[in-house]
There are 2 protein chains.
Amino acid sequence: MRISSLAERSGVPLATVKYYLREGLLPPGRATSATQAQYGEGHLHRLALIRALTDVVGLSVARTRTVLDLIDSSPDDLFTTLGQAVAALPPYVEEHEEGHPRARAAIEALGWVYDPHYPAVAQLERALAAAESVGMPIEEQRLLGYGEHVRAIAQIDIAGVPRDDPGAAVEHAVLGTAIVEPVLAALRRLAHQDVSSVELGHRQGPPSGDDAGR
Amino acid sequence: MRISSLAERSGVPLATVKYYLREGLLPPGRATSATQAQYGEGHLHRLALIRALTDVVGLSVARTRTVLDLIDSSPDDLFTTLGQAVAALPPYVEEHEEGHPRARAAIEALGWVYDPHYPAVAQLERALAAAESVGMPIEEQRLLGYGEHVRAIAQIDIAGVPRDDPGAAVEHAVLGTAIVEPVLAALRRLAHQDVSSVELGHRQGPPSGDDAGR
DNA sequence: TTGATCAGATAGTGGTGGTATCCAATAATG
DNA sequence: CATTATTGGATACCACCACTATCTGATCAA
């Protein structure tokens with residue numbers, strides 16, 4: 001298909017498709033002449049991926065490119081690649097490295113195996129420090145509770161990773177981290193509603209305007 | 001304290017403090033003369049809050065302002081206020097939306113009480129649609145698993161909300177949603193490492209530089 | 001042949017998150 | 001009391017980002 005069909009079928013404006021080509025997010029089509037190129041289903045999928053990463057996950061074009069590059073590269077080491085992908089995902093954190101005291105204490109309290117250089121350690125440190133600075137420190141008790149359930153969620157994630165094909169594993173792992181995060185965030189917000197309606201006995205039935213009461 | 005001390009103690013550049021004042025994120029100090037104003041500890045706390053919301057949560061200045069306004073307003077209805085706050089948090093979603101078929105099916109499968117107009121429903125719809133469009137649909141089985149553990153997390157959250165003071169409850173709920181999310185995201189990424197090191201037998205012990213072989 | 005479409009290059013746009021400069025009024029200092 | 005420094009506030013400016021629009025000459029479809 002030609003670039004105009006690609007734009008039309010993907011719902012992305014033509015000028016933007018060209019922009020993604022320029023920026024290297026979208027690989028060039030197979031040129032059939034000096035002013036013509038063919039694009040395939042792969043390009044369509046790639047555009048969906050780009051839009052999901054930019055619009056839903058909220059990545060910048062530059063970070064989207066690094067994530068896509070990681071997906072494209074055949075990995076020598078899945079864990080290294082995954083670490084790099086995680087570092088490209090928000091919340092962004094500088095490399096400055098200190099002790100990460102809060103994060104290390106937390107992970108050790110949880111008893112998890114971890115690599116202190118993994119970017120998620122710095123992300124955790126930053127998030128815990130932010131919570132503290134705002135007057136809402138996360139106490140160990142609460143953290144242990146979170147950890148237990150988050151680990152269960154991680155087990156579900158891992159169970160879905162294809163074991164045999166390493167290329168597919170990287171893509172799955174990266175997307176699983178990036179794309180599932182908003183799902184979990186939305187679910188948590190909905191769960192707040194459900195839990196409080198049940199636990200606080202606070203009426204919060206279906207549609208407002210409706211007679212939704214208990 | 002005067003504005004220069006405020007800037008110094010908070011670590012925020014003076015020009016930026018003035019910018020936040022202009023944008024209405026930071027309330028003006030108590031003017032003692034035409035060219036002098038006093039700022040207090042409250043302003044210091046507010047600056048920390050602004051930086052956490054912009055830098056860690058990644059909100060724009062405009063959205064930070066709406067969140068802060070919600071925290072400041074004494075709420076007629078906690079749930080309405082919380083809904084508005086959630087709408088100001090990423091992932092952002094347009095209001096046009098109709099059936100939310102994926103989201104409604106999901107929440108009904110989970111058996112949760114929900115209000116279909118709650119913004120998190122649209123957020124969930126969008127996140128599920130994005131996952132699908134990228135070739136990684138979240139099947140019901142997996143969703144039920146996520147839901148179970150996310151609900152447990154939500155129970156921990158709700159348990160920490162102050163019951164008596166409604167003003168504090170709004171602030172706690174908003175911050176709890178916004179600030180805790182990065183904590184959970186980082187924990188999940190770390191849990192991936194732990195789970196895979198245990199389940200896949202993939203050794204991922206502490207420092208790299210170590211003999212990190214098989 | 002002729003008009004439409006194409007790929008690719010270049011330039012322009014609107015919004016955002018600051019930063020820098022200027023000013024007159026006031027505070028601090030000798 | 002005179003001089004110098006600093007302040008709050010207003011305005012102007014800036015760099016970056018994600019697009020978007022325009023142009024050009026080649027090539028395709030009729």
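Keep in mind that this is a model prediction, so the values were computed, not measured. Letters go in sequence order (proteins before strands), and every chain restarts at 1.
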Would you mind telling me which residue lines up with the more 5' stretch of DNA chain C, B:Ser60 or B:Gln36, judged by nearest nucleotide?
B:Ser60

Send over the distance from B:Gln38 CD to C:dA27 P, rounded to a whole Å.
11 Å

Take atom OH of B:Tyr20 and atom P of C:dT19, then tell me their distance rounded to the nearest Å.
8 Å

Of all the nucleotides listed (C:dC6, C:dG18, D:dG9), which has the minimum atom distance to the side chain of B:Tyr39?
D:dG9

Over how many whole Å does the gap from A:Ile50 atom CD1 to D:dC19 atom C1' extend?
14 Å

d(CG, A:Leu21; C1', C:dA9) in whole Å
13 Å

Roughly how far, to the nearest 0.5 Å, is CG of B:Leu175 from CG of B:Leu53?
6.5 Å

Would you indicate which nucleotide in C:dA27, D:dC28, C:dT19 comes nearest to any side-chain atom of B:Ser33?
C:dA27

What I want to find out is whether B:Arg189 reaches B:Asp194 closely enough, with some N-O distance under 4.0 Å, to be called a salt bridge.
no

Give a yes or no on whether a donor-acceptor pair under 3.5 Å exists between the nucleobase atoms of D:dT20, that is its base, and the side chain of A:Arg22.
yes

Sugar-phosphate, base or nothing in reach of B:Thr54, heavy atoms under 4.0 Å
nothing

Determine whether the side chains of A:Arg9 and A:Tyr39 contain a donor N or O and an acceptor N or O closer than 3.5 Å.
no

I want to verify a distance call: between C:dT19, D:dA18, D:dT27, whose nearest atom is closest to the B:Thr16 side chain?
C:dT19

According to a strict under-4.0 Å criterion, is A:Ser4 in side-chain N/O contact with OP1 or OP2 of C:dC6?
yes

Measure OH/A:Tyr92 against P/D:dC17 and give the value in whole Å, please.
12 Å

How close or far is atom P of C:dG18 from atom CG of B:Leu26, stated in whole angstroms?
14 Å

Considering only side-chain heavy atoms of A:Tyr19, which listed nucleotide, D:dA18, D:dT7, C:dG17, is closest?
D:dA18

Can you identify which nucleotide, out of C:dG8, D:dT27, C:dG18, has its nearest atom closest to the A:Lys18 side chain?
C:dG8

Give one of base, sugar-phosphate or nothing for B:Ala15, where a contact means two heavy atoms less than 4.0 Å apart.
base

Whole angstrom is fine here: how far is it from CZ in B:Arg2 over to P in D:dA5?
16 Å

More than 12 non-hydrogen atoms from neighbouring residues, nucleotides or ligands closer than 6.0 Å to CD on B:Glu8, yes or no?
no

What is the distance, rounded to the nearest whole Å, between atom CE of A:Met1 and atom C1' of C:dT5?
17 Å

Determine, for A:Arg104 against A:Glu125, whether the closest basic-nitrogen to carboxylate-oxygen distance falls under 4.0 angstrom.
no

